[in-house]
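Here's the structure we're looking at; comments come further down.
Atoms within a ligand are numbered from 1 in the order they appear, just like the ligands themselves.
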Amino acid sequence: MSASAIMPYFIKPSINMDAAAKKAAYEQAIMEIDATLNGETNTILKMVSINCLLKTHLTYYYWVGFYLVSGERKLSVGPYQGTMGCLHIDFSKGVCGRAAREEKTQIVADCHALDQGTAHIACDPNSQSEIVLPVFNEKKELIAVFDVDSSLKDSFDEVDKAYLERILRQYFG
Ligand code: SME
C-alpha cells in the first residue's frame, strides 16, 4: 500500500531555508537535543527526541525517521514523524537500502528522477528530495539509517550532511 498525495490535516508542506537559516535552526535543535538527552542511554528515546526536535526547527523536514537494521540485509521502520512509512526495505532497494549497503550518506535532489521501486521507494508521493545517513553504534556496526524527506526538490546539502553526521555520531557512535 502506498500513501495518497493528499496530506493529512496534521502534516504541512515543506518550506526551504537558506544556508544561514538552516545553520541557525540546526544550532537551536542541537541545543535542545543536548539538553533533552543529557545522560540518556535508551536508543529509542534518543531516536524519538532527535526526530521531534529536528522536525520542530527545520521547516523542510516533511518526513523524518530511522529505519532499523533487522535481519539479514533488511531494514524495518523505527521511530519517525510523518506520513505512513514503508514497513520493510531490503538493502537492495531505495535510497535507504543504498545508504545501508554503501554505509555512506546519500543526498537526492529529485527523488522522482530515480527509477521508482528500485533506486527510490515512494512511500509517500509528496516526498521530492531526501537525505539518508548510515547510523553506527560504538562498535562501528551499522544499526540503522536516518532518513529525511522534503516535499520540495533540492532541500538537502552539505550543511545537512555535516550537522546530521555530527548528531548521529554523538548519540549512537
Ligand atoms: N526514501 C526511501 C523510502 C522511505 S520513505 O521515503 C519514508 C527510499 O527510497 O529509500
### Message
Could you check whether any side-chain N or O of Ser151 sits under 3.5 Å from a backbone N or O of Ser14, counting only pairs where one atom can act as donor and the other as acceptor?
### Response
yes
#### Entry: Where ligand 1 meets Trp63 - atom numbers and elements under 4.0 angstrom, heavy-atom basis
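Near Trp63, the atoms of ligand 1 are 7 (C).
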### Atoms in ligand 1 flagged as close to His120, the criterion being non-hydrogen separation under 4.0 Å
9 (O)
### Query
Among Ile143, Val69, Thr43, Val145, whose side-chain contact (heavy atoms from CB on, under 4.5 Å) with Val135 holds?
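Testing each of Ile143, Val69, Thr43, Val145 against Val135, the sole residue satisfying side-chain contact (heavy atoms from CB on, under 4.5 Å) is Ile143.
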### Query
So is Gly97 polar-close to ligand 1, meaning N/O to N/O under 3.5 Å?
no
### Message
Is the distance from the ring center of Phe156 to that of Tyr60 below 6.0 Å?
### Response
yes
### Query
Between Tyr61 and Asn51, is any side-chain donor less than 3.5 angstrom from a side-chain acceptor?
no
### Summary
Checking heavy atoms under 4.0 Å, the part of Cys123 that sits near ligand 1 is side chain
### Message
Can you tell me which portion of Asp124 lies within the under-4.0 Å heavy-atom range of ligand 1? Options are side chain, backbone, both, or neither.
### Response
neither
### Query
Taking the non-hydrogen atoms of Tyr80, is any one of them nearer than 4.0 angstrom to ligand 1?
no
### Task
Kindly give the heavy-atom pair with the smallest separation between Ile44 and Asn42, and that separation in Å.
N-OD1, 2.9 Å
### Query
Which protein heavy atom lies closest to atom 6 (O) of ligand 1, and at what distance to 0.1 Å?
Asp149 OD2, 2.6 Å
